[in-house]
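For reference, the structure is listed below as structure tokens.
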Amino acid sequence: MRTDDLIDQLAADPRAIPAGAVQRRFAGVAVAAALAALVMVLAWLGARQDLAQAMTGRMFWMKAAYTALLAVAGFWALERLARPEGAPRKALLFGALVLAVFVGMGLGQWLAADPEHRRMMMMGGSWKVCCRYILTLALPGLAATLAVLRGMAPTRPALTGFAAGAFAGGVAATVYGLHCGESTMVFVGTWYTLGVLGTGLLGAVVGKWALRW
């Protein structure tokens, strides 16, 4: 269906939508996605043994803030894309800025390190599984987000699906930090970012089909 046809169809059957209804729906999805990821972490991966001590350190919260801000960017983009002709440009720019700042900080940390330590900083002890775990933890949130979007009126299904994936991936990556003991910005900026973006790409592929009018 063309965008103009969709707008005409919606205009032919106007229904009042309470103020903030879209935001509340996505907020509810965020809570549900975080709870689902938390249950999966505790039942499948387990919390890191030094979690209480880690929570007193700066890196634990920097990692959580980075992934949470990526989720906020996805939330913001979804709030725009869920309605016809919504403009997600500011949300996408915000997400790109958050990514660029943290990845830039990680690159600076990597360049400042001794050459013999750089590989360990980049790979850590879990690079082979990090992206996969984040993607797996994000699947319930991605499915829930796409289900909610099907009751709305997105007109750009692939971009909306990508935003849904970034949103769900950011939430899942934040919860994954309760298990992951990696503590360098270069690791987080590489593998966490790839996990969130990978979930976004999956959302774009699925959304192109699932959100088609």
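This one's a predicted model, so the numbers in the text were calculated from it and none came from an experiment. Along the sequence shown, residues are numbered consecutively beginning with 1.
Arg48 has its side chain within reach of Phe60: a pair of non-hydrogen atoms, C-beta onward, lies under 4.5 Å apart. When side chains are defined from C-beta on, Leu202 counts as touching Leu139, because their heavy atoms get closer than 4.5 Å. Side chains of Leu99 and Val196 form no contact here, defined as non-hydrogen atoms less than 4.5 Å apart. Residues Trp191 and Ile134 have side chains not in contact (no heavy-atom distance under 4.5 Å, counting atoms from C-beta outward). Counting heavy atoms from C-beta on, the side chains of Cys130 and Phe187 come closer than 4.5 Å. Within the 4.5 Å cutoff, no side-chain heavy atoms of Arg80 are placed close to those of Arg89. Counting only heavy atoms from C-beta outward, the side chains of Trp76 and Lys90 approach each other to under 4.5 Å. Inter-residue side-chain proximity for Met62 and Val188 is flagged as unmet; no heavy-atom pair is nearer than 4.5 Å.
Side-chain atoms of Lys63 come within 3.5 Å of backbone atoms of Cys180 as a donor-acceptor pair (strictly under, hydrogens ignored). The backbone N or O of Thr184 sits nowhere less than 3.5 Å from a side-chain atom of Gln109 that would complete a donor-acceptor pair. For Thr67 (side chain) and Ala64 (main-chain N/O), a donor-acceptor pair under 3.5 Å exists by modelled atom type. In this structure, the side chain of Arg118 engages the main chain of Leu111 through a donor-acceptor pair within 3.5 Å. The main-chain N or O of Ala210 is found under 3.5 Å from a side-chain atom of Arg150 such that the two form a donor-acceptor pair.
Rounding to the nearest 0.5 angstrom, the gap separating the CH2 atom in Trp110 from the CZ atom in Arg119 is 12.0 Å. Between atom CH2 of residue Trp44 and atom NE2 of residue His179 there is a gap of 8.5 Å, rounded to the nearest 0.5 Å. Taken to the nearest 0.5 Å, the NE2 atom of His117 stands 9.5 Å off from the CE atom of Met121. With rounding to the nearest 0.5 angstrom, the CG atom of Leu194 is 11.5 Å from the CG atom of Leu135. Atom CZ of Phe167 and atom OG1 of Thr145 lie 5.0 Å apart (nearest 0.5 Å). One finds the CD atom of Glu85 at 12.5 Å from the CZ atom of Arg83 (value rounded to the nearest 0.5 Å).
Both Leu70 and Met105 are assigned to one and the same hydrophobic cluster, defined by single-linkage of ILVMFWY side chains at heavy-atom distances under 4.5 Å. With hydrophobic clusters built from ILVMFWY side chains whose heavy atoms lie under 4.5 angstrom apart, Val171 shares a cluster with Leu146. No continuous path of ILVMFWY side-chain contacts below 4.5 Å connects Leu93 to Phe162, so the two sit in separate hydrophobic clusters. There is no path of hydrophobic side-chain contacts, each under 4.5 Å, that joins Leu142 to Leu197. Under a hydrophobic clustering in which Ile, Leu, Val, Met, Phe, Trp and Tyr are joined whenever their side-chain heavy atoms come within less than 4.5 Å, directly or via other members, Val31 and Leu38 fall into different clusters.
When all heavy atoms of Leu137 and Met40 are compared, the pair lying nearest together is CD2-CB, 3.5 Å. Closest approach of Pro157 and Gly207 over heavy atoms only: CB-O, 3.3 Å. Smallest separation of non-hydrogen atoms from Pro140 and Ala36: CB-CB, 4.0 Å. What you find for Leu211 and Gly161 is that their closest heavy atoms are CD1-N, 4.2 Å. The two residues Val186 and Thr190 make their nearest non-hydrogen contact at O-OG1, 2.8 Å. Residues Gly141 and Ala168 approach most closely at C-CB, 3.8 Å, considering heavy atoms.
Met120 CE: 12 or fewer foreign heavy atoms inside a 6.0 Å radius. The number of heavy-atom neighbours closer than 6.0 Å to CD of Glu116, taken from other residues, nucleotides and ligands shown, is above 12.
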> Could you go step by step and tell me if Leu201 and Val205 meet the side-chain contact (heavy atoms from CB on, under 4.5 Å) rule?
Replying inline: CA-CA 6 Å; Leu201 291 175; Val205 172; 5.7 Å; no

> Would Phe102 and Thr193 count as a side-chain contact (heavy atoms from CB on, under 4.5 Å) if you check the C-alpha gap in whole Å, the side-chain angles of each, and the deciding distance to 0.1 Å?
Replying inline: CA-CA 10 Å; Phe102 197 92; Thr193 300; 5.8 Å; no

>> Using side-chain contact (heavy atoms from CB on, under 4.5 Å), reason through Trp61 and Met55 one step at a time and then give a plain yes or no.
In response: CA-CA 7 Å; Trp61 296 108; Met55 292 178 69; 3.8 Å; yes

>> Run Leu149 and Phe26 through side-chain contact (heavy atoms from CB on, under 4.5 Å) and show every step you take.
In response: CA-CA 9 Å; Leu149 284 166; Phe26 287 132; 3.6 Å; yes

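The side-chain contact (heavy atoms from CB on, under 4.5 Å) search around Leu159 returns Leu81, Pro88, Leu92, Arg156, not counting sequence neighbours.
The aromatic rings of Tyr192 and Tyr176 sit tilted, their planes meeting at an angle between 30° and 60°.
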